[in-house]
Colleague: 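One structure is given below, represented as structure tokens, and several questions about it will come after.
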Amino acid sequence: MGKKCEVKLHGMWASSYSKRVEMALKVKGIPYEYIEEDLSNKSHLLLTCNPVHKKIPLLVHNEKPIVESYIILEYIDETWKNSPRLFPEDPYERAKVRFWANYIQQQMIESKSRVIMSDGETQVKESKEYIEKQKVLEEGVKDFFKGDGPYTNGQNLGVLDILTVATLGFYEVQEQVFGVKFMDPEMTPFLYSWVTEVNEHPVVKEVSPPLDKIMGFLLYFKQNRPIYSNK
């Protein structure tokens, strides 16, 4: 019999949070078994291992569960110390990366959620605020590009590349479905070119679902979402 796979990832094909972890595992060259979760009928293992949030992704390493995508990314880089590293070795550089990683998670994803959960004038307003937050990110991450590659980690994907492409990578399909701007090349030209480059990385292309499948998923979501209002 073959050796039992020591790494298992429970995820969902359309989840950007799952895709973060898949990208990290592939960048690090870590063999893993992927297990698709039915979020309408979650597995007993998922509910047992993540009793607080009951959400994917769930990474199981040697029967030890790790939850929350960003925590999983840190765990992967700290456990498998081979190159390429997802986070910088230098403590100061690592602290800067963590700051902008938290900005993406706390500011940009929350803002994006308000866009996709709203409609009409509210949605247009939220879209503009979302792009304003992208402008802040654009100015903040320029310092990480040293001219030795198109990614924040030189020739390899780092954690900021992974988080940014997982958040912004499907902006064109999202714009078609929701009818508002999710990225503006004129407002954020540097961010636009960065996302375009990262989208072409072989690892990103390998884990990304087909665009028509994403389109169908988003159309279904749009028809069934609760509408947010900031009034």
Side-chain angles (χ1 to χ4, degrees), residues 1-82 84-87 94 97-98 101-114 116-117 157-170 203-204 206-210 213-214 216-226 228:
M1 294 179 64
K3 183 179 178 181
K4 182 180 178 182
C5 182
E6 65 174 356
V7 179
K8 296 181 180 181
L9 172 61
H10 293 249
M12 186 267 187
W13 70 269
S15 167
S16 62
Y17 297 99
S18 292
K19 296 307 174 187
R20 293 176 176 187
V21 180
E22 283 195 79
M23 282 187 257
L25 290 169
K26 288 184 178 296
V27 166
K28 299 288 285 185
I30 302 166
Y32 67 97
E33 176 186 350
Y34 176 77
I35 300 167
E36 179 75 12
E37 285 279 349
D38 178 357
L39 299 187
S40 63
N41 184 26
K42 297 173 184 177
S43 70
H44 175 72
L45 182 64
L46 176 61
L47 297 175
T48 301
C49 293
N50 192 0
V52 177
H53 300 298
K54 301 179 175 63
K55 293 181 178 179
I56 48 91
L58 164 67
L59 187 77
V60 182
H61 177 216
N62 288 340
E63 301 184 352
K64 297 179 295 186
I66 305 96
V67 300
E68 300 296 310
S69 63
Y70 183 70
I71 294 174
I72 294 172
L73 296 184
E74 289 193 323
Y75 177 85
I76 288 171
D77 207 39
E78 291 168 2
T79 302
W80 290 273
K81 297 184 181 297
N82 59 287
R85 299 299 299 269
L86 302 177
F87 291 82
R94 189 162 61 248
V97 164
R98 283 174 168 155
N102 285 333
Y103 178 84
I104 292 169
Q105 300 207 112
Q106 297 173 6
Q107 297 287 329
M108 290 187 58
I109 292 179
E110 181 180 338
S111 179
K112 181 180 179 180
S113 296
R114 290 197 295 268
I116 66 176
M117 299 297 285
L157 294 182
V159 70
L160 289 182
D161 304 293
I162 289 171
L163 294 179
T164 299
V165 78
T167 304
L168 294 169
F170 286 109
V203 164
V204 177
E206 182 180 355
V207 305
S208 296
K213 192 174 181 181
I214 288 289
F217 177 82
L218 290 176
L219 288 170
Y220 176 82
F221 172 83
K222 182 181 179 181
Q223 293 171 357
N224 294 277
R225 64 188 167 152
Y228 158 83

Colleague: Determine, step by step, whether Ser208 and Phe170 satisfy the side chain to side chain contact (heavy atoms under 4.5 Å, CB included) criterion, reporting the C-alpha distance in whole Å, the side-chain angles of both residues, the deciding distance to 0.1 Å, and the verdict.
Modeller: CA-CA 9 Å; Ser208 296; Phe170 286 109; 4.0 Å; yes
Colleague: As a quick check of understanding, evaluate side chain to side chain contact (heavy atoms under 4.5 Å, CB included) for Tyr32 and Val60, giving each step before the final call.
Modeller: CA-CA 10 Å; Tyr32 67 97; Val60 182; over 6 Å; no
Colleague: Out of curiosity, His10 NE2 to Glu33 CD, how far, rounded to the nearest 0.5 Å?
Modeller: 7.5 Å
Colleague: Can you tell me if Thr164 uses its side chain to pair, donor with acceptor, with the backbone of Leu160 under 3.5 Å?
Modeller: yes
Colleague: Drop me the distance from Leu219's CG to Gln223's CD, to the nearest 0.5 angstrom.
Modeller: 6.5 Å
Colleague: Between Leu73 and Leu163, is there a side-chain heavy-atom distance shorter than 4.5 Å?
Modeller: yes
Colleague: Any idea which heavy atoms bring Ser40 and Asp38 closest together, and the distance?
Modeller: OG-OD1, 2.6 Å
Colleague: Is there side-chain contact between Pro209 and Lys19, with at least one heavy-atom pair below 4.5 Å?
Modeller: yes
Colleague: Would you say Phe221 has more than 12 foreign heavy atoms packed within less than 6.0 Å of its CZ?
Modeller: yes
Colleague: Just how far is it from atom CG of Leu45 to atom CD of Glu63, taken to the nearest 0.5 Å?
Modeller: 10.0 Å
Colleague: Any idea which heavy atoms bring Met12 and Glu37 closest together, and the distance?
Modeller: CG-O, 4.2 Å
Colleague: Looking at Ser69 and Pro57, what are the two nearest heavy atoms and their distance?
Modeller: CB-CG, 3.8 Å
Colleague: Could you walk me through whether Trp80 and Val7 pass the side chain to side chain contact (heavy atoms under 4.5 Å, CB included) test, one step at a time?
Modeller: CA-CA 12 Å; Trp80 290 273; Val7 179; 3.8 Å; yes
Colleague: Do Val165 and Leu157 make a side-chain contact, defined as non-hydrogen atoms from C-beta onward lying under 4.5 Å apart?
Modeller: no
Colleague: Out of curiosity, Leu9 CG to Glu22 CD, how far, rounded to the nearest 0.5 Å?
Modeller: 6.0 Å
Colleague: Please confirm whether the backbone N or O of Thr167 pairs with a side-chain atom of Ser16, one donor and one acceptor, at under 3.5 Å?
Modeller: no
Colleague: Going through the checks in order, is the side chain to side chain contact (heavy atoms under 4.5 Å, CB included) test met by His61 and Thr79?
Modeller: CA-CA 10 Å; His61 177 216; Thr79 302; 3.8 Å; yes
Colleague: Measure the spacing between CG of Leu46 and CG of Asn41 and express it to the nearest 0.5 Å.
Modeller: 11.0 Å
Colleague: How far apart are the closest heavy atoms of Arg85 and Lys81, and which atoms are they?
Modeller: CD-O, 3.4 Å
Colleague: Which atom pair, heavy atoms only, marks the closest approach of Met23 to Val204?
Modeller: SD-CG2, 3.7 Å
Colleague: Do Leu86 and Val97 come within less than 4.5 Å of each other through their side chains, counting heavy atoms only?
Modeller: no
Colleague: Is any side-chain heavy atom of Glu110 closer than 4.5 Å to one of Gln105?
Modeller: no
Colleague: Are the side chains of Leu59 and Ile76 in contact, using a 4.5 Å heavy-atom criterion?
Modeller: yes
Colleague: Quick one: do the Tyr70 and Glu68 side chains pair a donor with an acceptor below 3.5 Å?
Modeller: no
Colleague: Within a 6.0 Å radius of atom NZ on Lys55, are there more than 12 heavy atoms belonging to other residues, nucleotides or ligands?
Modeller: no
Colleague: How many angstroms lie between OG in Ser43 and CD1 in Ile56, if you round to the nearest 0.5 Å?
Modeller: 11.0 Å
Colleague: Report yes if some heavy atom in the side chain of Pro65 is under 4.5 Å from a heavy atom in the side chain of Asn50; otherwise report no.
Modeller: no
Colleague: Determine whether a donor-acceptor pair (N or O, by modelled atom type, separation under 3.5 Å) exists between the side chain of Arg20 and the backbone of Ala166.
Modeller: no
Colleague: Heavy atoms, side chains only, cut-off 4.5 Å: are Val207 and Lys26 in contact?
Modeller: yes
